[in-house]
Student: 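Here it is, the structure, as structure tokens.
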Number of protein chains: 2
Amino acid sequence: MAQTDTVTRILDTAEVLFAERGFAETSLRTITSKARVNLAAVNYHFGSKKALIQAVFARYLDPFTERFHGALDALEARHPDGTIPLEELLESMARTVLEVPAERHSLKVFMKLLGLAYSQAQGHLRRYIQEEYGSVFTRFTELVRRATPELPDAERFWRLHFVLGTVIFTLSGLDALRDIAEKDYGEHVSVRDLVRRLRPVVVAALNAPLPEAPMANRAEAS
Amino acid sequence: MAQTDTVTRILDTAEVLFAERGFAETSLRTITSKARVNLAAVNYHFGSKKALIQAVFARYLDPFTERFHGALDALEARHPDGTIPLEELLESMARTVLEVPAERHSLKVFMKLLGLAYSQAQGHLRRYIQEEYGSVFTRFTELVRRATPELPDAERFWRLHFVLGTVIFTLSGLDALRDIAEKDYGEHVSVRDLVRRLRPVVVAALNAPLPEAPMANRAEAS
DNA sequence: GTACGTTTCAAACAATCGTTTCCATCGAGG
DNA sequence: CCTCGATGGAAACGATTGTTTGAAACGTAC
């Protein structure tokens with residue numbers, strides 16, 4: 001139908017502009033004019049700008065969670081003892097993250113959006129993502145827990161976010177970094193190349209020795 | 001003078017609001033009313049909103065670069081051979097980052113601002129920071145190069161940005177993460193505690209084994 | 001062909017934005 | 001006392017924002 005055409009044209013244009021400039025810096029007029037669609041179409045089809053932003057994310061995250069659940073199902077089936085090696089877990093997640101947007105040639109956009117979701121205040125976005133897609137992440141962390149029984153729970157929690165930061169930060173700022181790297185080392189870096197470089201770093205970070213015991217608790221500016 | 005009072009009151013208010021909501025989401029009216037100064041004061045003292053944003057950063061980065069240069073001078077004096085151990089370099093940087101905003105009890109704000117500087121498009125900001133403060137970073141990376149001669153240049157470049165992502169991502173999203181961690185593990189985390197946890201992870205990431213040789217060059221969606 | 005629900009369109013809405021203007025106020029120097 | 005440059009303050013500027021409106025255009029079923 002014609003609706004689908006307008007809706008997808010809005011989404012296709014919006015995700016690119018959001019990724020390039022951020023949410024607040026992208027007006028509905030910029031989106032609709034570039035998408036060759038009437039201004040009112042956004043509010044008609046999505047209801048509001050907030051809802052459009054969430055729809056942009058849903059188009060990536062819905063297939064991602066579905067595939068990732070499937071991938072974890074397969075992994076659990078191959079390891080009936082319930083303990084999946086850490087490398088396989090990471091590998092599975094990486095593959096899923098790469099697969100989903102690859103079909104629309106928009107891995108870069110997906111990564112930038114993930115970066116924005118974390119950095120931009122946009123309270124509603126973080127809440128929406130947390131409520132809508134938190135369950136997959138919970139399942140994943142539980143599997144990581146079984147894979148790394150020697151790590152204290154709190155330590156594992158923080159280290160998972162450390163490497164999450166590494167990946168999102170790197171892949172979402174990829175363009176700028178790639179330009180610098182290319183200028184300084186003349187080497188062209190593909191996303192797959194970057195993932196190859198990331199793997200040993202992530203594994204080493206998760207397997208790092210435990211920190212020294214904390215000193216006496218000192219108050220800290222909050 | 002009265003000028004100084006107005007200027008610092010604007011800066012104090014602006015940096016907090018920017019850190020909480022981002023730049024585009026913080027209006028000059030919100031800043032000036034909360035700071036109890038006239039709306040026109042911002043344009044009078046700073047010239048524009050862009051200039052105010054840069055001034056907020058300069059108030060942190062100017063003392064930071066000065067101290068960091070001094071710390072590196074001291075390190076080079078203690079190692080006349082020109083090779084400073086990696087741990088000392090990292091330690092020195094961490095200490096400087098913690099010192100500067102500690103004097104104004106605003107480490108959290110500083111970290112959030114750093115995170116915003118990377119994520120928000122705000123082209124002018126990245127350019128400003130790069131041009132104004134890029135030299136310290138260049139000096140630091142050169143010292144890291146001498147400290148890790150076994151690493152290929154490109155590999156070191158990427159790993160430095162990996163750990164930079166870890167640190168900025170973690171410390172700028174600290175509030176949200178701290179809430180989750182506190183809820184899940186009942187443990188209160190101070191910034192110093194987090195730095196203690198970060199140290200072994202960062203060292204392990206930089207010292208990770210080299211990735212396997214790349215496969216045949218495959219084109220990748222850019 | 002006519003009626004109906006859906007979608008598109010141009011126009012206007014009220015609100016907010018950054019910036020500018022103009023005048024009052026102040027304090028120091030002549 | 002008067003002057004003058006610097007600062008504070010109220011009001012308005014024009015531009016842009018997200019959203020709403022009401023009518024035109026559309027395809028479909030009777």
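Every chain is numbered from 1 and lettered A, B, ... according to where its sequence line falls, protein lines coming before strand lines.
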Student: Using the side-chain heavy atoms of A:Asn38, tell me which of these nucleotides is nearest: C:dA10, D:dG9, C:dC17.
Tutor: C:dA10
Student: Could you give the CG-to-P distance, from A:Leu28 to C:dA11, as a whole number of Å?
Tutor: 19 Å
Student: Nearest-nucleotide wise, let me know which of A:Val37 and B:Leu39 is further upstream toward the 5' end of DNA chain C.
Tutor: A:Val37
Student: Which residue lies toward the 5' end of DNA chain D, A:Val42 or B:Ala40, if each is placed at its nearest nucleotide?
Tutor: B:Ala40
Student: Calculate the interatomic distance between B:Lys50 atom NZ and C:dT19 atom C1'; express it in whole Å.
Tutor: 14 Å
Student: If you assign each of A:Thr26 and B:Arg29 to its closest nucleotide in DNA chain D, which residue comes earlier from the 5' end?
Tutor: B:Arg29
Student: Apply ring-ring contact (aromatic ring centres under 6.0 Å, His included) to residues A:Tyr133 and A:Phe57 and explain how you reach the verdict.
Tutor: CA-CA 11 Å; A:Tyr133 308 97; A:Phe57 275 84; 9.0 Å; no
Student: Rounded to whole angstrom units, what separation is found between the NZ atom of A:Lys49 and the C1' atom of D:dT16?
Tutor: 11 Å
Student: Can you tell me how far C1' of C:dC26 sits from CG of B:Asp5, to the nearest Å?
Tutor: 15 Å
Student: Identify whether any heavy atom of A:Ala41 sits under 4.0 Å from a base atom; if not, whether one sits that close to sugar-phosphate; answer base, sugar-phosphate or nothing.
Tutor: nothing
Student: Run the ring-centre check on B:Phe18 versus B:Phe23 and record whether the distance is less than 6.0 Å.
Tutor: yes
Student: Centres of the B:Phe64 and B:Phe68 rings: under 6.0 Å?
Tutor: yes
Student: Which of the following nucleotides, D:dG8, D:dT19, C:dT8, is nearest to the side chain of A:Thr6?
Tutor: C:dT8
Student: May I have the distance from A:Glu25 (atom CD) to D:dT16 (atom P), rounded to whole angstrom?
Tutor: 16 Å
Student: Just how far, in rounded Å, is P of C:dC13 from CG of A:Asn43?
Tutor: 17 Å
Student: It should be established whether A:Ser27 places a side-chain nitrogen or oxygen under 4.0 Å from OP1 or OP2 of nucleotide D:dT16.
Tutor: no
Student: A:Arg36 has an atom CZ; how far is it from atom P of C:dC9, in whole Å?
Tutor: 11 Å
Student: Rounded to whole Å, please give me the gap between CZ in A:Phe46 and C1' in D:dT20.
Tutor: 18 Å
Student: Using a heavy-atom cut-off of under 4.0 Å over every strand shown, decide if B:Thr30 touches base, sugar-phosphate, or nothing.
Tutor: nothing
Student: What nucleotide among D:dA6, C:dG18, D:dA10 has an atom nearest to a side-chain atom of B:Tyr44?
Tutor: D:dA6
Student: Quick check for you: among D:dT7, D:dG18, D:dG9, whose closest atom lies nearest to any side-chain atom of B:His45?
Tutor: D:dT7
Student: Start with the C-alpha gap between A:Phe169 and B:Phe169, add the side-chain angles, then the distance that decides, and say whether ring-ring contact (aromatic ring centres under 6.0 Å, His included) holds.
Tutor: CA-CA 7 Å; A:Phe169 180 88; B:Phe169 180 88; 8.4 Å; no
Student: Would you indicate whether the side-chain heavy atoms of A:Leu52 and A:Leu11 approach each other to under 4.5 Å?
Tutor: yes
